[in-house]
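Down below is the structure, laid out as structure tokens.
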Amino acid sequence: MARKTIFDFSGGQVSPRYKSRVDSPIYHRSCKSLINFRVWPTGGIERIPGTIRVAETVSNNSTRLFPFVTKDNLSYVLAITAEGASTKSKSKVYRAGTAEVAVVSDSDNTSSGGLVPGETEGSLADTPTTTLGSDATVESLPTAFTAAQLKEIQYVQDEDVLRLAHPSHKSQKLTRSSDTAWVWANSTPSASASDHFQGLNFVNAADAAVYSSANTTPRVMTFYQQRLVIGGVNTHRNELQGSDLPHATDPQQGIEKMDSASDGSGGWSYTQQGTGIEWVAGWTSLLTGTAEGEYSWGDEPIGALAANVPNIKQVSGHGSYNKQPLFAGGRLLFIQRGGLVIREMLFNADQKTYNARNLCILADNILGTLPMVDWAYQKSPIPAIWVVRGDGKLAVMTYDIENDLYSWNLVDVGGIVESIAVVSAGTEDQVWI
């Protein structure tokens, strides 16, 4: 049988359903299996770099990673570890440095950490872990997140404040004052001592009652039009609450204040029809995802209560999974209901609505059979979407919008991956797992 040399791998790994599709141009630049490589926009491939052990996890329990870039452009990774029956979860912050790929793992005892198959331990010894900088211990979280619940956290960052929202626990706020000074806020808002969103001040009596009752913690959050937007509480699943506009003297004062000032600078509260909100994102408009579809709240400014009612309309009917969306390459990516399909939200100027393209159509088996666990966007050296599958394996998609390249492949790190985060570090982004 004649053999054919392939130079272009830009199709990546495709579904078995593409077998024998010799009539398709994609068939001739795709693979049945492509593991531990990354696809360049030029069509060539290279082996995924080796990994470096940064630290042991806090315990043998599950850990979730959160990227954090401060206002002075320093990159950190926050690791939160579930402590089982403990009343508190453990947390630690790691400073990112110049190493290309780093790992937080306890899968082996070698000094250089886990190794991608095909690499050697010696090849990693040239990059000592000291280049990753120092790490700082953070006091224990006042909440004991279980392993499964770590997957449900959504988060936003504003300057040196990282906020975590969780559907079953009081939300948390992490603040940084220096490289080694990190503190979980324990302030008591004025609206109620049991306010379930750390530090927010609900002036409106009705809103204060909603957000201070038991089991009514906000599950989604974002920033839109300079306001902090939260919502999705159990008793008001389809309601969103917007904060004041930032104050010139103290921006945090505005972001943390939810009131109904008549001058238009105050907060707002609105409810959309339909099922509960699974995610919210501030983009060209305020977008929300529910199990029945995706909605736009319009691109006009949303003012204080009753001053400027948003124009809410459904823009997609695919249905959303309860995982925070990603902003990647100027586009919004969300996970379809079921947790196995990634869709790209893009505004269509001609139709004056949004299209939600399926990015897994040629590799419909790439994300496995269990709902995905975590994901992250890497800008450099190759734009890529990293996905932690439900079985703990890694999938990565080269996401080169300029060249219309969307190619998938798998990465085997020799163990089960629980979480992933990407932070900027010099000329290339670091991938932490």
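By convention here, the first residue in the shown sequence is residue 1.
Residue Ser316 is tested with Arg343, Gln336, Glu294 for a side chain to side chain donor-acceptor pair (under 3.5 Å); the sole match is Glu294. When each of Arg64, His169, His166 is tested with Gln149 by the rule side chain to side chain donor-acceptor pair (under 3.5 Å), just one qualifies, namely His169.
Judged purely by distance below 3.5 Å, without hydrogens or angles, the side chains of Ser269 and Gln241 pair a donor atom with an acceptor atom. No donor-acceptor contact under 3.5 angstrom links the side chains of Trp279 and Gln154, judged on distance only. Using a 3.5 Å distance cut-off with no hydrogens or angles, the side chains of Trp184 and Ser91 do pair a donor with an acceptor. In this structure, a donor-acceptor pair under 3.5 Å is absent between the side chains of Ser168 and Glu152.
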So Ser75 and Gln430, side chain to side chain donor-acceptor pair (under 3.5 Å) or not? Walk me through it. CA-CA 10 Å; Ser75 298; Gln430 282 188 355; over 6 Å; no
Criterion side chain to side chain donor-acceptor pair (under 3.5 Å) on Thr398 and Asp400, from CA distance to verdict: CA-CA 6 Å; Thr398 299; Asp400 182 18; over 6 Å; no
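Annotation for Glu292: atom CD counts as buried by contact number, over 12 foreign heavy atoms lying within 6.0 Å.
Between Tyr76 and Tyr94, the distance separating the two ring centers is not shorter than 6.0 angstrom.
In this structure, Asn355 contributes its side chain and Arg357 its backbone to no donor-acceptor pair below 3.5 Å.
Under 4.0 Å is where a charged nitrogen must lie from a carboxylate oxygen, and between Arg219 and Glu278 at least one such pair does.
When every heavy atom of Trp375 is checked against every heavy atom of Gln324, the shortest pair comes out as NE1-O, 3.0 Å. Taking all atoms of both residues into account, the shortest heavy-atom contact from Ile401 to Ala328 is CD1-O, 4.0 Å. Contact record, Thr63 with Ala79: CG2-CB, 3.9 Å, taken as the closest heavy-atom pair.
Judged by a 6.0 Å distance limit and a 45° cone about the ring axis, Arg47 is positioned over the six-membered ring of Phe37.
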